[in-house]
Protein chains: 2
Amino acid sequence: MFEARLVLEAVKELITEANFEVSGGGITLQAMDSSHVSLVALSLRSDGFEHFRADRSFSMGMNLNNMAKMLKCAANDDVITMKAEENSDVVTFLFESAGQGRVSEFELKLMDITSENLGIPDTEYSATVSMPSTEFQRITKDLGSIGDTVEISVTKDGVKFSTNGDIGSANVICRQNLNVEKQEEQTVIDMHEPVSLTFALRYLTSFTKATALSPSVVIKLSKELPVVVEYKVADFGYVRYYLAPKIEDEEMEEQ
Amino acid sequence: MFEARLVLEAVKELITEANFEVSGGGITLQAMDSSHVSLVALSLRSDGFEHFRADRSFSMGMNLNNMAKMLKCAANDDVITMKAEENSDVVTFLFESAGQGRVSEFELKLMDITSENLGIPDTEYSATVSMPSTEFQRITKDLGSIGDTVEISVTKDGVKFSTNGDIGSANVICRQNLNVEKQEEQTVIDMHEPVSLTFALRYLTSFTKATALSPSVVIKLSKELPVVVEYKVADFGYVRYYLAPKIEDEEMEEQ
DNA sequence: ATACCATATA
DNA sequence: TATATGGTAT
């Protein structure tokens, strides 16, 4: 339940409506944000649900804000069941209180959404950085108060985030740090070759809406490829964000 | 660190940009507010800093809102270093996390500010009132909801704040009170001769932005002289505000 | 229109 | 100290 809401909070700023693809394996979702700049991919495996049954594969188009509205009507410890009948134009959310004294039924109208499902090749990345998600959130927020874009550079001993704007410039260097007990608080740099890419801070900041989902975030970078920003959903899924880097010409144009 | 932010919060409402005068003795700043009515004076002695080095005396013009923006990018327990190279047009703020896993460098552009450095004579005041800073803040806020000006009258056994406005009038009397353990919670009246002056509440309310800096505030009054409202910064500095009293004619004009 | 920040109250 | 609400900034 709780996670269902966090997932929605994590994606609804970027995408207002999307098709949930349901199959025996679980639920996935993939959508470009409304400005067609970044991409969100959600995957929740069926084994992560207490009960999961899908007799066939199908897709459900939903307005995420309306879905979030309904999920907000569930209490924190309610058991949530999502039901979709074949060929129905609604999806039903069932909220049952712990003692089953209260049963709420919310029906959300489905929508026809034409979705372009983009194949995302599973690449080897030049550099993979894992760091505390709150630290990444803090960095994008701080740099966003100075500039519009951030250059992310990975070398073998650290990752550097730099920006500059009208009032000045800033950079934050995070060194590899394995001296923390909890693995999710470590900063781990896995680099095959150095890489340096520039991104619009605005989108990265939106990505950090997923911070509550996971204590750590994984950032994957390769030259000329979209960055992947990944947050695990417990241990049965993930939310991944993709954002293409700025190329030099684009940076020039903006000035 | 924490104090650096408090000091900025205390002055940036009144002055948006100012010259920081740096010398071996520490850092000072003096500026009129934008409406040229009140004056802010800041002094931080070098011995209050963990490390302080100034090879020569110089002044740095900064936009205080932009400076505050950058200081907000430091975490609460970061070690802050401020660096200025000779003849540079930027000042660098270095934030290092406790374990030094993260190092942030923020560069703020300096500005040329023509500052009129006013000599403030060190007068003997007719009356000096020390009281809890939160109490003074409360009084200016409360009276500000009734009227625009406050008459501050000091007699040997107390200080009276009075105002009146369209909806009515109000006055608050604070008696000398030495019966509190902590000295900073005492109300101490040191009066050579009774004095009664009227001030614009708007500015006094701005002064109380410094309340978080010190548990007590010192108010110094003499006939026809600007009031001094002083907050200590730990035990190595102060923020002082000066505001000229209204004279009868002025009060007439405004009505 | 939305999201973040600051403030005020419980 | 934590949350809720309102105002500001994007």
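Chain naming here is simple, since letters A, B, ... match the order of the sequence lines and numbering starts at 1 in each.
- A salt bridge is defined here as a Lys NZ or Arg NE, NH1 or NH2 lying under 4.0 Å from an Asp or Glu carboxylate O, and B:E107 with B:K109 fails to meet this definition.
- Aromatic pair A:F95/A:F106: centroids less than 6.0 angstrom apart.
- Residues B:D33 and B:S38 have side chains that bring a donor and an acceptor to within less than 3.5 angstrom of each other.
- Checking A:E151 against A:S196 by side-chain atom types alone, a donor-acceptor pair falls below 3.5 Å.
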(message) For nucleotides 5-10 of chain C, give me one character per nucleotide, 5' to 3': B if any protein heavy atom sits under 4.0 Å from the base, S if the only such contacts are to the sugar-phosphate, - if neither.
(response) SS----
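- A perpendicular orientation is assigned to the rings of B:F236 and B:F49, their planes being inclined by more than 60° (bins at 30° and 60°).
- One can place CG of A:L14 at 10 Å from P of C:dA3, the figure rounded to the nearest angstrom.
- Ring centroid separation for the pair B:F207 and B:Y241 comes in under the 6.0 Å cut-off.
- When rounded to the nearest whole Å, the span between CZ of A:R202 and P of C:dA1 equals 17 Å.
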(request) Indicate for each nucleotide in nucleotides 4-10 of chain D, in 5' to 3' sequence, whether protein heavy atoms under 4.0 Å reach the base (B), only the sugar-phosphate (S), or nothing (-). (result) -------
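- A donor-acceptor contact closer than 3.5 angstrom links the side chains of A:S206 and A:E13.
- Inspection of the A:Y231 and A:S216 side chains reveals no N or O donor paired with an N or O acceptor under 3.5 Å.
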